[in-house]
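Here's the structure we're looking at; comments come further down.
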Amino acid sequence: MLKLVVCVSGGGTNLQAILDAIESGVITNAEVAAVVSNNANARALERAKQHGIPGILLRPGDYPDRAAFDRAFTEEMCRLAPDLIVLAGFLVRIPGEMVERFPDRIVNIHPSLIPSFCGVGYYGLKVHEKVLERGAKVTGATVHFVNEGMDEGPIIAQKAVEVQEDDTPQSLQKRVMEQAEWILLPQAIDDIANNRLRVEDGRVRHI
Ligand code: GRF
C-alpha cells in the first residue's frame, strides 16, 4: 500500500480528484495518510477533514526564518514517512533537504506543458494568463517528479488541452483542470503505486 502525503495551498480540487480516484478504484494500492498545508483557510483542508484524513498546518510565517521552516517541514515529513509526497497546488518551495531525503518520491502537477509556461512566477491562474497573452493554441498539464529545480524534474506524463478563442484565464484553468490535471495526477499515482514507472538517466519510462 503506497502511503501518500498530499501538500496543498488552495481549493484542493486535485486532492479531491485523488480521493475520488481511490474511492472509485482508478487508483489502487494507495492511501492518503495526511494532508499538509501552508494555508489555514485552504478548502483542501476541509476536503481532507470530510474524509477523516489528518490536516497538518505548516506556515513559513510561524518560524523565525526560512531555514527554521524548511527544517521543521522536512522533519515533519520524515516523521510522516510517506512513500510518495504529492504536491497538489502547493505554493511553497520544497526544501532541498526534503528533495534529497525523498529522491524520485515527490511528484507535482503543473498546469502547462512543461517546458512552456513554467518556472519562477508561473503558478495557478498566472500560467493561463500568460498562455492567453502569448496566443498559444494548445496548452495542458504536466505531472513530474520534483528535483532541486523549479518544475524541472523528470516528466511523468502530459496531456494537451485546446485553447479556445473566447477563453478567459478562468475558463482555460477550468478546462485544463477537468481535461488534464484531474486525469493525469491520479493516473501517475496509480502507476507509481503499481510499480509501472522507472526513472533512468533523468527520464521516466513506463514499464
Ligand atoms: C492547479 O491549477 C494546479 O495545477 C496548480 O495549482 C492549482 C491547484 O488547484 N499547481 P487545486 O488546489 O488542486 O484546486
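Whatever order the structure lists them in is the order used to number ligands and atoms, beginning at 1. Atom set for the values below is all heavy atoms of this structure, side chains included, hydrogens, waters and symmetry mates excluded.
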Tell me the protein heavy atom at minimum distance from [atom], and give that distance in Å.
atom	answer
atom 6 (O) of ligand 1	G89 CA, 3.5 Å
atom 9 (O) of ligand 1	M177 CE, 3.4 Å
atom 14 (O) of ligand 1	T13 OG1, 2.6 Å

Fill in: Listed partners of R93 passing side chain to side chain contact (heavy atoms under 4.5 Å, CB included), at least two apart
R66, D70

Worksheet entry | ligand 1 atoms in contact with G11 (distance to a heavy atom under 4.0 Å) | 12 (O), 14 (O)

Discussion item. Is it the case that the side chains of T142 and H144 hold a donor-acceptor pair, with the cut-off being a distance below 3.5 Å and no angle test?
Written reply: no

Worksheet item: Without hydrogens or angle criteria, can the side chains of S9 and N38 be said to hold a donor-acceptor pair below 3.5 Å?
Response: yes

Practice prompt. Sort out for me which residue in L15, V6, V8 forms a side chain to side chain contact (heavy atoms under 4.5 Å, CB included) with R47.
Written response: L15

Worksheet item: A44: heavy atom below 4.0 Å from ligand 1, yes or no?
Response: no

Taking distance alone, with no angle check, do [X] and ligand 1 share an N/O pair under 3.5 Å?
X	result
N14	yes
I109	yes
E181	yes

Fill in: ring-ring contact (aromatic ring centres under 6.0 Å, His included) partners of F90, counting only residues at least two apart
F73

